[in-house]
J.: 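Dumping the structure here so I can ask a few things about it.
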There are 2 protein chains.
Amino acid sequence: METRELRYFVAVAEELHFGRAAERLGMAQPPLSRAVRQLERRLGATLFDRNSRGVTLTEAGAVLLREGRAALDAVDAAERRTRRAANGPAGLVLVAKAGASSELLPKLLDAYAAEPGAVPVDVLLCGVGQQEGLLRDGRADVGLLHLPFDSAAGLDVERLTTEGQVAILPAGHPLTGRRTLTMAEVAAIPGMPMPRWPGRDGTYPDGPGPEVRDHAQLLQLIGLGRAAAVLPESCRPMLGPDLATVPVPDAPRVTTVIAWPPHSRSLALAGLIRTATRL
Amino acid sequence: METRELRYFVAVAEELHFGRAAERLGMAQPPLSRAVRQLERRLGATLFDRNSRGVTLTEAGAVLLREGRAALDAVDAAERRTRRAANGPAGLVLVAKAGASSELLPKLLDAYAAEPGAVPVDVLLCGVGQQEGLLRDGRADVGLLHLPFDSAAGLDVERLTTEGQVAILPAGHPLTGRRTLTMAEVAAIPGMPMPRWPGRDGTYPDGPGPEVRDHAQLLQLIGLGRAAAVLPESCRPMLGPDLATVPVPDAPRVTTVIAWPPHSRSLALAGLIRTATRL
DNA sequence: CCGCGTCGATACCTCACGGGTATCGGTGAT
DNA sequence: ATCACCGATACCCGTGAGGTATCGACGCGG
């Protein structure tokens, strides 16, 4: 199977429409139809049900979509990492969620920079749920993830810290007088619904809350009294005076891990991981 | 990057010889040379140092070899799993080291078969260190690994059991009278060196001990008085009367885990994993 | 010092196949 | 009944993958 065929298939599987997929791929529709049919013949598997009026994925097609995306990511990662290895003599790209781990991250970077043999570390801040993709397709070498929010599937990890969560409320809100709150109480505050985070595919679940992409955005909304949220304790130092926190003991505890793609444990990466676990 | 180019590169990188690589690929040498050069141009990276009289990998080439193998495995896995999904309506392939987990494995299979909605499970017994490859390229869906011997890099795992290790000696050997032994003592028994296991690339490290590939082979050698070994406790029930065991408290404890490729958690696989963790 | 063998690169040819345009056939909506 | 939509088919063309023949550089034995 060639990556070209795989890319064609994934495009069609995502669009569920040969014409649009062809447009996205910058080609005409007939050769795309032909290529997909040829792939089906070679695999001996029907990938799409063509119900004249759109297409749908078969079971085998769903498998190939899942596995094929992972394979394409791996190919992209190989290409990117090779390019990087050829140009700069090293350097690491560390990815973290914008606004998270605001204490841990500078500590880690300082501690690592002080190590003998440390290489330059580029920090890549991204939105929620994008880290895994960046790690898997080679745009980043190592990342800070927060379990159970992020999934570490397919990545190697080391535990760093575990912490409880707190509710974030506008200063002066009646509930800020409470010693603790429950998840149910926070979720039920009138007029301040819990925000909705994007899923792994970048789309938002349905619901009443505002759609948020990163922490800055969320904190602003809370300051405006338009939302309430539950976040890890470590976000406290970065809150302005307009926000208050109340512990939420029944919220799941959050584990911060350092994660990296398997089989890519370079010397520099190993040093960074060692530094992180010693903090 | 096309998989074809990647396969060509990997062949040359493994042979370090364009002629032999071309032969292995079933093609002539000139087009292979040209394809590799073109890949280098497209990547903007020199992959080989052509020192007239053989070739050697550059740093970037080493990166691409490592990452490219993983990528090719992922592509193969996608292809294999799609074919399987298209033909049989399911079934799982479970891989285990021949001779290991001899108690756990039948228990797991029986318990799973009794579950509602269980699918047929094919058991694939393999040599030491081959499980990861089989899982990564899609020939197997799930496996039993033994940490820290096997590496679970790039696989999702659930812990099943942890156990200590025992020395395996021929019955009647003077040391069988001891209550415990240390690793050092077992390694130093005259005339009975510790065996050498193959590494991840299938080659054996240098040393005095015999080369072994699976447990049956090893136990036979011990019975002949040609080797001593340290193995997990759970191997005891499968030893014949000609072998004796002595605990080795300072040997690393062995954790048996059930492992599967990430992103491939089918319903059937989830059931098997759930059954395993409940044992 | 000179052939000779080895090995990757180059030159050149051929044809398969990837991609384009034009068009068809089937189906649901109006 | 007609039309719009969408994937499949027919057919053409140019690129490029792969083949053969040969070159150029280097190491080695006589």
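No hydrogens, no waters, no symmetry mates; every other heavy atom, side chains included, goes into these values. Note on naming: letters A, B, ... go to the chains in the order of the sequence lines (proteins, then strands), and numbering restarts at 1 for each one. In this text, all values refer to a predicted model and were calculated from it rather than measured experimentally.
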J.: Measure the distance from CD on B:Glu15 to P on C:dT6 and round it to the nearest whole Å.
T.: 17 Å

J.: Using atom types as modelled and distance alone, determine if a side-chain donor or acceptor of A:Tyr112 lies under 3.5 Å from a backbone N or O of A:Val119.
T.: yes

J.: How close or far is atom C1' of D:dA4 from atom NE2 of A:His17, stated in whole angstroms?
T.: 12 Å

J.: What's the CG-P distance between A:Asp49 and D:dC6, to the nearest Å?
T.: 18 Å

J.: What integer distance in Å separates B:Arg41:CZ from C:dT10:C1'?
T.: 13 Å

J.: Flag the pair B:Arg50 and B:Glu40 as a salt bridge only when some basic side-chain nitrogen lies within less than 4.0 angstrom of an acidic carboxylate oxygen.
T.: yes

J.: Hey, what are the protein-to-nucleotides 17-23 of chain C N/O distances that come in under 3.5 Å?
T.:
unit_1 : atom_1 : unit_2  : atom_2 : d
C:dG19 : OP1    : A:Tyr8  : OH     : 3.1
C:dG19 : OP2    : A:Tyr8  : OH     : 3.1
C:dG19 : N7     : A:Arg34 : NH2    : 2.3
C:dG19 : O6     : A:Arg34 : NH2    : 3.4
C:dG20 : OP2    : A:Ala28 : N      : 2.9

J.: Is it true that B:Arg81 and B:Asp141 make a salt bridge, defined as a side-chain N closer than 4.0 Å to a carboxylate O?
T.: yes

J.: Does the pair B:Arg42/B:Glu2 count as a salt bridge with the N-to-O cut at 4.0 Å?
T.: no

J.: Hey, which of B:Leu65, B:Val55, B:Leu39, B:Val63 is the one that makes side-chain contact (heavy atoms from CB on, under 4.5 Å) with B:Leu47?
T.: B:Leu39

J.: May I ask you to decide if the ring planes of A:Phe9 and A:Phe48 are parallel, tilted or perpendicular, using 30° and 60° as cut-offs?
T.: tilted

J.: Measure from CZ on A:Arg50 to P on C:dG28 and round the result to the nearest Å.
T.: 18 Å

J.: Can you tell me how far P of D:dG7 sits from CD of A:Glu40, to the nearest Å?
T.: 13 Å

J.: Is the distance from OP1 or OP2 of C:dG8 to the nearest side-chain N or O of B:Ser33 less than 4.0 Å?
T.: no

J.: Whole angstroms only, please: what is the CZ-P distance between B:Arg37 and C:dA9?
T.: 5 Å

J.: Please give, in whole Å, the distance from D:dG7 C1' to A:Glu23 CD?
T.: 16 Å

